[in-house]
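A quick write-up on the structure given underneath.
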Number of protein chains: 2
Amino acid sequence: MSRKHSADDPAALQAAVAGFVRAFGLHQTETTPCGQPISVSEAHAMGELAQDGELRQVELTRRLRLQKSTVSRLVGQLTGRGWVERAQAEDDGRGVVLRLTPAGRQAAQNLAEARRERFARLLDSIPAHERAGVLHAFDVMREAWDGDR
Amino acid sequence: MSRKHSADDPAALQAAVAGFVRAFGLHQTETTPCGQPISVSEAHAMGELAQDGELRQVELTRRLRLQKSTVSRLVGQLTGRGWVERAQAEDDGRGVVLRLTPAGRQAAQNLAEARRERFARLLDSIPAHERAGVLHAFDVMREAWDGDR
DNA sequence: ACCTTCTGGTTGTACGGTCGAACCATGTCC
DNA sequence: GGACATGGTTCGACCGTACAACCAGAAGGT
C-alpha cells in the first residue's frame with residue numbers, strides 16, 4: 001500500500017494516521033463512524049456516563065477534551081433527549097453531577113450494541129494474528145501523544 | 001489503562017480507538033492536530049496536491065471522502081489563499097484541474113515540515129521496538145474498515 | 001442528428017459542533 | 001474579609017459539512 005518507508009520515518013507514520021482518519025470519516029461531525037444518529041462527542045459522553053454511572057461535569061469536560069461551554073451545551077442536549085439528568089454535587093455547591101436516566105441507560109446500551117456490532121465486524125476483517133498488535137498500537141499511540149503534548 | 005480485555009473483544013478495540021481519537025483532538029475543526037492554522041481537510045487536500053502535482057477536483061473529492069460541494073468550497077478557500085489554481089481539464093470540458101501555485105508549494109512544504117516535526121517527536125515517544133507494529137496497525141485498520149464498509 | 005441520462009462543478013441554504021469571552025456563584029487561601 | 005481560583009451557563013461568532021437545485025459538458029441510444 002504505502003510506498004517504501006522505514007518504521008522510523010515520521011512521514012510513514014503520518015501517512016498511516018492520515019489514511020486512517022480519512023477512512024473512518026472522522027471529519028464528519030454529525031454522525032458517528034458507526035452510523036448512529038448522534039454526534040461523536042455525544043456518543044463519547046454517553047459512553048463515559050454509562051461506564052461510570054455518575055460523573056462530575058468538569059470531569060467529563062476533561063475526558064472529552066472540550067471547553068466547558070461546549071460540554072455545558074452538550075449536556076443540555078442530552079438532558080433534552082431525556083437521557084441525562086443534572087444534580088447538584090453534594091460536596092461542592094458549584095458542581096454538577098451527571099447521571100443517566102433509565103431512558104439514557106437504554107440509549108447507551110443501544111449505542112454500545114451498535115458499536116459492538118460495528119467493531120465486531122471490523123474485528124472480523126482483521127486477521128486474528130494481527131488483533132493484539134492493533135489493539136496495543138492504539139494504546140501506544142495515545143500514550144505517546146499524551147506524553148509529549 | 002483499559003480493564004482486562006481480550007484482543008478478540010470488540011469493546012477493547014472500540015475503547016482503544018475512542019481514546020486515540022479524543023487524544024488527537026480530531027474534533028477541533030480549525031486546527032490540525034499538529035497545531036497548524038488550517039483545517040484538517042485543507043491540510044489533507046494540500047498533501048494530496050503536493051504529492052500528485054496535478055489533480056482533478058473530482059478525484060480530490062473521492063480521496064477526501066467529502067461532498068463535491070464541500071470540496072468546491074474548500075478549493076475556493078485554497079485559491080483564495082493563493083495556494084491553488086484551477087484550470088480547465090483538457091480532456092473534459094466540465095472538469096477542473098487543480099495545481100499548487102509556487103506559494104502553495106511553499107506552504108505545502110511548510111505544512112509537511114511541521115507535520116514531520118510533530119510526528120518525529122511522536123515517534124520519539126514510541127519505543128523503538130513498537131514502531132513497526134504501530135505503523136502496520138494503522139494500515140491494517142484502514143484496510144479492515146474499507147473492506148467491510 | 002436528437003433526446004435522455006450521467007457526470008463534474010458551483011451556489012444557496014441550513015445545520016451543528018466548537019470556541020472565546022463575559023458573567024455568576026461557590027470554594028480556597030492568605 | 002478580600003483576592004484569586006474553579007465549575008457552570010449564556011451569548012455571539014466561526015467554520016466545516018451536507019443536501020438540493022441548478023448548469024454545462026459528455027456519453028449513449030434510437
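Residue numbers start from 1 in every chain, and the chains themselves are labelled A, B, ... in the order their sequence lines are given, proteins ahead of strands. Keep in mind the model is a prediction, meaning the values are calculated, not measured. These numbers come from the heavy atoms of this one structure, side chains and all, not from hydrogens, waters or symmetry mates.
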Distance, rounded to the nearest Å, where B/Leu66 contributes CG and D/dC19 contributes P: 12 Å

Nearest-Å distance for atom pair CG/P, residues A/Leu64 and C/dC19: 10 Å

Side chain to side chain donor-acceptor pair (under 3.5 Å) partners of A/Glu130, counting only residues at least two apart: B/His136

Between P of D/dT17 and CG of B/Leu60, the distance in whole Å: 11 Å

Rounded distance in Å - CZ (A/Arg62) to C1' (D/dG7): 15 Å

Among B/Leu55, B/Leu49, B/Thr101, the one residue meeting side-chain contact (heavy atoms from CB on, under 4.5 Å) with B/Val84: B/Leu49

N or O in side chain of A/Ser41 less than 4.0 angstrom from C/dT18 OP1/OP2: yes

Partner residues of A/Arg105 under the side chain to side chain donor-acceptor pair (under 3.5 Å) criterion, sequence neighbours left out: none

Nucleotide nearest B/Arg56 when distance is taken to its side chain, options C/dG27, C/dG8, C/dG17: C/dG8

Euclidean distance, atom CD of residue A/Glu59 to atom P of D/dG8 [Å, nearest integer]: 10 Å

Interface with DNA chain C, restricted to residues 68-77 of chain B and to heavy atoms under 4.0 Å: B/Lys68, B/Ser69, B/Ser72, B/Arg73

Touch class at under 4.0 angstrom, heavy-atom based, for A/Arg86 against every strand present: sugar-phosphate

Side-chain donor-acceptor pairs of residues 92-100 of chain B under 3.5 Å, sequence neighbours excluded:
unit_1	atom_1	unit_2	atom_2	d
B/Asp92	OD1	B/Arg94	N	2.9
B/Asp92	OD1	B/Arg94	NE	3.1
B/Asp92	OD2	B/Arg94	NH2	2.9
B/Arg99	NE	B/Glu54	OE2	3.0
B/Arg99	NH2	B/Glu54	OE2	3.1

Atom-to-atom span, CD of A/Gln88 to P of C/dA25 - whole angstrom: 13 Å

Contacts of B/Gln88 that satisfy side-chain contact (heavy atoms from CB on, under 4.5 Å) - sequence neighbours left out: none

Of residues 93-100 of chain A, the positions that come close to DNA chain D - non-hydrogen atoms, cut-off under 4.0 Å: A/Arg94, A/Gly95, A/Val96

Identify every side-chain donor-acceptor pair in residues 72-83 of chain A under 3.5 Å, counting partners at least two apart or on other chains, and give the distances.
unit_1	atom_1	unit_2	atom_2	d
A/Thr79	OG1	A/Val75	O	3.4
A/Thr79	OG1	A/Gly76	O	2.7
A/Arg81	NH2	A/Glu42	OE1	3.2

Non-neighbouring partners of A/Glu113 that pass side-chain contact (heavy atoms from CB on, under 4.5 Å), sequence neighbours left out: A/Arg116, A/Glu117

Partners meeting side chain to side chain donor-acceptor pair (under 3.5 Å) with B/Gln106 (sequence neighbours left out): B/Asn110

Closest-nucleotide ordering on DNA chain C, the 5'-leading residue of A/Gln67 and A/Asp91: A/Gln67

Listed nucleotide nearest any side-chain atom of B/Val58, set C/dC19, D/dG25, C/dG9: C/dG9

Main-chain N/O of B/Glu48 paired to B/Arg63 side chain as donor or acceptor, under 3.5 Å: no

d(CG, B/Asp92; P, D/dC23) in whole Å: 19 Å

Interatomic distance, B/Glu90 CD vs C/dG8 P [rounded to whole Å]: 18 Å

